[in-house]
Each structure stands twice: as C-alpha cells, then as structure tokens.
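First comes the structure, then the notes that go with it.
Sequence lines set the chain letters: A, B, ... in the order given, protein chains first and strands last, and positions in each chain run from 1.
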Amino acid sequence: MDIWTMGNRYLAQLSHTSFARAVHAHILTSGFKPFPLIINRLIDHYCKSFNIPYARYLFDKIPKPDIVAATTMLSAYSAAGNIKLAHQLFNATPMSIRDTVSYNAMITAFSHSHDGHAALQLFVQMKRLGFVPDPFTFSSVLGALSLIADEETHCQQLHCEVFKWGALSVPSVLNALMSCYVSCASSPLVNSCVLMAAARKLFDEAPPGRRDEPAWTTIIAGYVRNDDLVAARELLEGMTDHIAVAWNAMISGYVHRGFYEEAFDLLRRMHSLGIQLDEYTYTSVISAASNAGLFNIGRQVHAYVLRTVVQPSGHFVLSVNNALITLYTRCGKLVEARRVFDKMPVKDLVSWNAILSGCVNARRIEEANSIFREMPVRSLLTWTVMISGLAQNGFGEEGLKLFNQMKLEGLEPCDYAYAGAIASCSVLGSLDNGQQLHSQIIQLGHDSSLSVGNALITMYSRCGLVEAADTVFLTMPYVDSVSWNAMIAALAQHGHGVQAIQLYEKMLKEDILPDRITFLTILSACSHAGLVKEGRHYFDTMRVCYGITPEEDHYSRLIDLLCRAGMFSEAKNVTESMPFEPGAPIWEALLAGCWIHGNMELGIQAADRLLELMPQQDGTYISLSNMYAALGQWDEVARVRKLMRERGVKKEPGCSWIEVENMVHVFLVDDAVHPEVHAVYRYLEQLVHEMRKLGYVPDTKFVLHDMESEQKEYALSTHSEKLAVVYGIMKLPLGATIRVFKNLRICGDCHNAFKYISKVVDREIIVRDRKRFHHFRNGECSCSNYW
DNA sequence: GTAGGGTTAG
C-alpha cells in the first residue's frame with residue numbers, strides 16, 4: 001500500500017480534532033510532502049469542525065491551486081454566513097481550474113445569503129462560458145429564484161430550460177421547481193392561481209416514484225402559504241404514508257389563519273395515527289394556544305412535552321422554548337416565561353425579543369430595560385418594542401432618546417418604530433418633534449401605515465391640535481377600530497363630547513364593532529361633557545348589543561359621570577348593583593365627584609376607603625386634607641398630613657412644561673431652578689394686576705396649608721402651570737397659541753386665572769392635565785367649568 | 001467539493 005492510500009485511509013477514520021491535528025503536525029514536521037488528497041481531507045475535516053481559519057491556513061499552503069479544496073473552503077465560508085470571503089475565494093480561483101461543481105457551490109452561497117440576483121447572474125455567466133449545468137445547478141438556481149419571486153416569467157423560463165436538459169426526472173430538481181412556483185405565487189405582483197396550478201401540474205404529472213416526501217411537503221405547504229387550506233387539506237388526506245413535515249405545515253397554516261380548533265384536531269389525529277410529533281408540531285400547537293388565548297391547552301402541551309420528549313441535553317429545541325415564552329407572557333405568567341427563558345442553554349434573537357416584549361406588555365419597564373441592555377444582538381423589532389414600550393409607560397423622553405440612538409447606530413427605523421417615537425412625543429406633548437417626525441414619515445412613504453396613522457392621531461390630539469388629529473384620521477387610507485377609538489378619545493379629551501358621540505355613531509354605521517376601549521372612551525366623553533343620559537344609554541348597550549361585559553373601569557367611568565352631575569344616589573345604586581366589590585377606581589370616581597359638589601361627608605368616606613386600598617397613593621391624602629381644609633377642620637388636616645408622613649408617602653410635586661423653539665422648559669411648583677424664573681414672576685405680578693381690574697380674585701380654597709391669606713395668594717402664584725403659561729406668553733411669537741402640559745390635574749385657581757389671562761393678553765391657552773384638555777379663549781374655557 | 005420540504009417575536 002502506498003503512502004497516499006495509507007494517509008487517506010487514516011484520515012477517513014478521523015473523528016477527533018486532536019487526531020487530525022496530530023496528522024497535520026506530522027505532515028508539517030516530517031519531511032513528507034503535502035499530498036493534495038490528504039490536505040483536502042484535512043481542510044474538509046477542519047471545516048466540518050468549524051475551525052475555518054485553520055482550514056484556510058492549510059488551504060494557503062497548497063502549492064498548486066486545487067478546485068476541490070477551493071470548493072470545500074467556499075462552502076464552509078458560505079455555511080458560516082460569510083458570503084464576502086466565499087466570493088473572494090471564488091474570484092481568486094483561476095478560470096482554468098473552475099468546474100461546474102464550483103459554480104454550483106457559489107450559486108448556492110449567493111442563494112443562502114439571500115442574493116437571488118447574484119446567483120442568477122452567475123448561472124447565466126457559467127452557461128455563457130460553456131460550463132454544462134447539472135441537476136445540482138438547477139436545484140440551486142431554482143432555490144435562488146424563489147428569493148426574487150416577482151415575475152411569473154422567471155419560473156417559466158427556467159422551467160423550459162430544466163425541461164430541455166431533461167432534468168425534471170431528478171426529484172430534487174422537480175421539487176426545487178415546484179418550490180419556486182410556490183414561492184413566486186405568494187408574491188403580490190403575480191397571478192398566484194396560475195403559478196399554483198403550474199406547481200400542481202408538475203406534481204400530478206410526476207410518476208409516483210418521483211414524488212418523494214419533499215415533493216408532497218412542498219405542494220401541501222405551498223397551498224398553505226397561498227391561503228388555500230382546503231386544497232392543502234385534501235392532499236394531506238390523500239397521502240398514503242403520513243409525513244410529519246406536511247402535517248406540521250398544515251397545522252401551522254391553520255394556526256396562522258386563526259383556525260385553532262382545526263389545528264388541535266389535526267394534532268389529535270396525528271397522535272392517534274402514530275405520526276411522530278416533533279418540535280415543529282409542538283411549536284405550532286403551543287403558538288396556536290397562545291394566539292387563541294387557550295392557555296391551559298398550551299400548558300398541557302408543555303407538560304406533555306416535558307414528560308415525553310426531553311432532548312438528550314435535557315432541554316427542548318429552541319423554537320419550542322421560544323413558543324413557550326410567548327405562551328406564558330401572553331397569559332400574564334411572566335415568572336413562568338422567565339423560568340423557561342433563563343433555563344435555555346441556547347437563546348436566539350427570537351427568545352430575547354419574546355421575553356422583552358413580554359416584560360414590556362406586563363409594564364415591567366425596568367426589567368425590559370435591563371434585558372434590552374443585556375441583549376447580545378438586537379433587531380429592528382427589538383428597538384421598536386422597547387421604544388413603544390417606553391412611550392406606553394410614560395417614558396417619552398427615554399423613548400425619543402432610544403429612537404435617535406437607533407438611527408445613530410445606522411438602523412433604518414420601520415413604520416412601527418416611527419409610531420413608537422410619535423407616541424413618545426404624545427407623552428411629552430412635544431409638537432415640534434412630532435411634526436418633524438411626521439414630515440420624515442411622509443418623505444419615507446410610511447404615512448399610509450396604520451400604526452403610524454393611529455400614533456399621529458393621538459400625538460396631534462395630545463399636543464392640543466385636535467383639528468390636525470382629525471385631518472390625519474380623515475386622510476388615512478385604511479383605518480381600524482384603534483383609529484376610531486383614538487379619534488373619539490381626541491374629541492372627548494378636548495371637551496367635544498357631542499362630536500365624540502356623533503363620531504361613535506358614524507363608526508357603528510360603518511359596521512365597525514366597538515370594543516372595550518371604545519366604551520371606556522365614549523363613557524369618558526359623556527362624563528367630560530356632562531351627557532348623563534347618553535352615557536347611561538351607551539353603558540347599557542355594551543352588554544346587550546355587543547356582548548361586552550363591563551369591567552371595573554367601565555363602572556368607574558359611569559360613576560364618574562353620575563357623580564360629576566351630582567347624582568349621588570344613582571351612583572350608589574350602580575355601585576351596589578356591580579357584580580364585584582368596589583375597588584380603587586370606583587372610590588376615586590366618587591371622591592372626585594364629591595369634591596366638585598362639596599359633598600364632604602361622602603367624599604371623606606370614599607377617601608377613607610381609598611386610603612385603606614391604596615395607602616401609598618399621594619392624591620388621596622391631598623384630597624382628604626383639602627376637604628377638611630375647606631371645612632376649616634385644621635386638626636383633621638394636621639392628622640392626615642401626619643399620617644402621610646408616617647407612612648412615608650410623598651406628594652408628587654406639581655410639574656408643568658412648555659415647548660419653546662424645540663426645547664422643553666420644565667417648571668416645578670415654587671420654581672427656583674429655571675434660569676428665567678425671576679422674570680416670569682415679575683411678569684406674572686403685572687398680569688395679576690391687570691386681571692384684578694377685570695375681576696379676578698385668587699381662590700385660596702385651593703391652598704391646603706393653614707396660613708394667612710396673603711401667604712396663600714403667594715402660594716397660588718407659584719403653581720407650576722402658571723409659571724409655564726407666563727413663560728409661553730413671554731417667549732412665543734405674538735398670537736401663537738400657548739400649549740402647557742401638567743403632570744397632575746389643573747388647580748382650580750389656575751383654571752380661573754387662565755380665563756382672565758386669555759382675555760388680558762388676547763391669546764389662546766391650551767392646558768393638558770392628567771385627565772383632559774382645557775382651551776382658554778376670550779375669558780372662557782372649553783370645559784365649561786366641568787372637569 | 002455542490003442541490004430540494006416546515007416552526008417562533010411587534
């Protein structure tokens with residue numbers, strides 16, 4: 001036996017890297033020449049054990065270019081996702097030694113890097129240079145063509161060529177061609193029926209022996225992808241032996257289209273027919289359970305999988321784990337989700353994104369933040385989830401910051417990311433930023449996006465421009481119930497109760513079904529506008545006409561409506577008729593109504609209940625002490641304040657802000673921080689002088705401390721909303737609307753004062769507080785003092 | 001030395 005054969009036999013037995021290294025070392029140190037065959041074996045070995053740099057080192061040692069080695073290397077680079085190095089290597093391969101196999105490998109490499117056009121070009125080039133395509137070539141190039149999938153003619157051209165070369169008799173080519181038709185069929189640019197029919201014809205006309213498992217699967221999955229579940233099911237039922245992959249495709253098709261019962265049904269049949277369930281089956285079924293809200297079924301599957309199919313490593317496959325994370329986050333079991341996530345030996349982007357969006361949806365924004373920071377890789381979705389999560393939880397500044405950071409890192413935000421950024425502007429009331437984003441959105445062509453439109457409606461509304469919100473709503477190409485809800489809410493918050501109701505009626509006429517949010521909104525609208533009769537009517541229709549069971553939030557809005565109208569006995573009746581014990585939202589609504597109507601007795605009762613339920617909520621202590629102060633019961637005021645101190649409850653400081661020239665200026669109560677605050681105080685003094693001439697009297701009822709009346713007046717003059725409004729008058733161009741935002745509810749004296757100010761300086765003043773908007777113009781407020 | 005079928009996240 002010669003040394004070549006011997007070396008080759010040794011190497012054929014190689015299974016261990018260290019042994020390969022030993023052979024390699026021997027070749028290097030002993031004088032024996034690096035025979036190409038042995039070197040190639042070694043390169044192959046190192047590539048397979050993912051030591052590509054080592055393989056390359058050997059490759060570069062070969063004195064004469066070798067096409068087999070080059071192809072091995074090329075494929076290794078491609079498998080590792082490094083198309084650049086693969087292409088470089090291919091280009092460096094001398095034309096004289098290239099062969100069909102090397103072209104095939106390069107075409108596949110392009111295809112795997114999702115560059116269908118490059119693959120197709122190379123195919124054309126190789127034919128021009130006289131290389132003869134083989135079945136491998138066709139399979140590869142058809143795979144690449146599936147990526148382009150924008151024209152019917154491409155498939156047909158290649159179909160002709162395949163036919164010409166007689167390659168249709170090769171199952172892999174037949175399958176690749178069918179798969180190509182199927183992929184092209186899902187493109188919106190083609191007539192998918194024609195292409196599906198072509199794929200089906202290929203399938204039907206192939207002799208049964210040529211229709212192997214991939215063939216069945218391709219055609220069945222093809223129908224699934226192209227939304228013909230009936231055809232897919234028919235074929236599935238017609239199969240003599242049951243191929244798990246095809247069944248899995250069918251199940252996932254049902255799940256995608258929302259036919260969860262059918263999906264579970266198939267699962268049961270698979271099980272009873274003895275078809276091997278695998279990780280794909282479980283992944284689909286678990287995700288069916290989470291989409292359908294059937295959490296118990298999902299957990300049963302989890303338990304079953306735990307009992308039966310533990311992997312050798314003791315863990316599930318990645319995709320099963322990912323589906324489980326989603327299942328548990330959707331049913332609010334974040335601890336369970338976290339347990340699955342933490343135990344995973346390997347996590348991918350999907351796992352991270354799933355747990356991140358789980359935390360965001362559970363409003364655990366700090367946990368989400370640390371997950372976001374920990375993530376090894378982030379996708380567009382990651383950023384989007386985080387940005388909109390921050391905005392939804394009131395962190396507008398952080399949301400915008402993250403959006404900018406995303407762009408700095410060179411990522412192109414998608415429409416969802418823009419929607420998140422706009423939502424951040426809604427929180428901040430930053431109209432300048434919001435408008436800039438809006439113009440970028442138009443430039444980028446994202447303005448037809450539903451989520452962007454919905455975010456814009458809310459942004460314009462929350463920045464005080466309810467007309468602009470309306471324009472967006474009217475010009476959106478498609479709207480959904482979220483858009484309607486947003487627009488109704490916009491009208492409601494700005495005090496246009498009647499218009500809000502009209503819009504709601506219009507929504508019903510257009511056959512859009514109201515949901516639980518719609519009713520929350522419409523009840524608020526009635527409450528803000530004092531429309532008691534209407535509010536009660538809508539509340540009643542909820543269950544009767546739309547089958548929506550009123551929740552505590554709905555009841556609290558109804559009670560709010562009644563109490564604001566002074567109908568306390570009716571409110572009491574509602575409370576007693578509720579199918580559950582009144583919780584904090586109910587007592588809050590009662591308390592607010594009592595304060596407006598001076599119903600101190602009931603108000604104090606409500607506040608006492610609230611103190612029991614939510615002892616850490618500062619607002620209750622303030623309201624309670626306000627009520628005692630109004631009654632002149634200073635001992636009680638002192639008692640409440642002492643209680644607050646003892647329990648370590650801090651009053652959330654009043655804070656208002658205004659945007660001037662793209663900068664947000666923040667004022668705190670009794671502010672001494674803002675650089676221009678002294679000028680603001682001086683100007684306010686002048687204004688008050690003018691206002692008094694028109695009849696303004698400071699209303700010291702709104703000061704809780706027991707102090708002299710002069711001090712009380714001073715205390716009123718330091719309210720943050722006054723400072724912000726005055727700053728706006730000083731800084732904004734003449735005639736410009738003043739838009740001020742406050743974290744708490746507006747104070748009664750400030751409300752009164754702004755009416756006078758709007759008259760004195762002849763300006764429109766818009767104040768957004770925690771609950772709604774106040775438009776002051778010419779001595780009046782849009783809320784008609786009803787808030 | 002090269003090729004064809006399925007699953008998960010807003």
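The A/S357 side chain lies nearest to B/dG10 when the options are B/dG6, B/dA3, B/dG10. Considering only the side chain of A/A249, B/dG6 comes nearest among B/dG4, B/dT2, B/dG6. Comparing B/dT2, B/dA9, B/dG1 against the side chain of A/N104 picks out B/dT2 as the nearest. Each of B/dA9, B/dT2, B/dG6 was ranked by its minimum atom distance to the side chain of A/A221; first place goes to B/dG6. Here the side chain of A/C414 is nearest to one of B/dG1, B/dG10, B/dT2, namely B/dG10. For A/V68, whose side chain is taken as the heavy atoms from C-beta onward, the closest listed nucleotide among B/dG5, B/dG1, B/dG6 is B/dG1. The side chain of A/P214 lies closest to B/dG4, out of B/dT8, B/dG1, B/dG4. Proximity note for A/T283 (side chain, C-beta onward) versus B/dT7, B/dG5, B/dA3: the nearest is B/dT7.
Between A/R200 and A/D204, at least one side-chain N (NZ, or NE/NH1/NH2) sits under 4.0 Å from a carboxylate O, which counts as a salt bridge. With respect to the salt-bridge test (charged N to carboxylate O, under 4.0 angstrom), the residues A/E367 and A/R338 qualify.
Contact annotation for A/A323: no contact, since no heavy-atom pair falls under 4.0 Å across all strands. Counting non-hydrogen atoms under 4.0 angstrom, A/T384 reaches a base of the nucleic acid. Across all strands, A/T72 comes closer than 4.0 Å only to sugar-phosphate atoms, never to a base (heavy-atom distances). No contact: A/L356 has no heavy atom under 4.0 Å from any strand. Looking at heavy-atom distances under 4.0 Å, A/D278 makes contact with a base. No contact: A/C47 has no heavy atom under 4.0 Å from any strand. If you check every strand for non-hydrogen atoms under 4.0 Å, A/I219 touches nothing.
Residue-to-nucleotide contacts include a donor-acceptor pair under 3.5 Å from the side chain of A/D212 to the base of B/dG4. Remark: the A/N353 side chain and the B/dG10 base include no donor-acceptor N/O pair separated by less than 3.5 Å. Side-chain N/O atoms of A/S140 and base N/O atoms of B/dA3 include no donor-acceptor pair closer than 3.5 Å. The base of B/dT8 lies outside donor-acceptor range of the side chain of A/S319, with no N or O pair under 3.5 Å.
Put simply, CZ on A/R378 is 17 Å from C1' on B/dG10, counting in whole angstrom units. The interatomic distance linking A/L450 (CG) with B/dG10 (P) rounds to 17 Å, in whole Å.
An aromatic stack links A/F136 and the base of B/dT2, using centre distance under 5.5 Å and interplanar angle under 30°.
Using a 3.5 Å distance cut-off with no hydrogens or angles, the side chains of A/D134 and A/T137 do pair a donor with an acceptor. Between the side chains of A/T326 and A/S290, not a single donor N or O lies within less than 3.5 Å of an accepting N or O. Side chain to side chain, A/S284 and A/S252 fail the donor-acceptor criterion of an N or O pair below 3.5 Å. A/N454 and A/S451 share no donor-acceptor pair across their side chains, judged by distance under 3.5 Å alone.
Close to B/dT7, at under 4.0 Å from its OP1 or OP2, lies a side-chain N or O of A/S252. The side chain of A/R330 contributes an N or O atom lying less than 4.0 Å from OP1 or OP2 of B/dG10.
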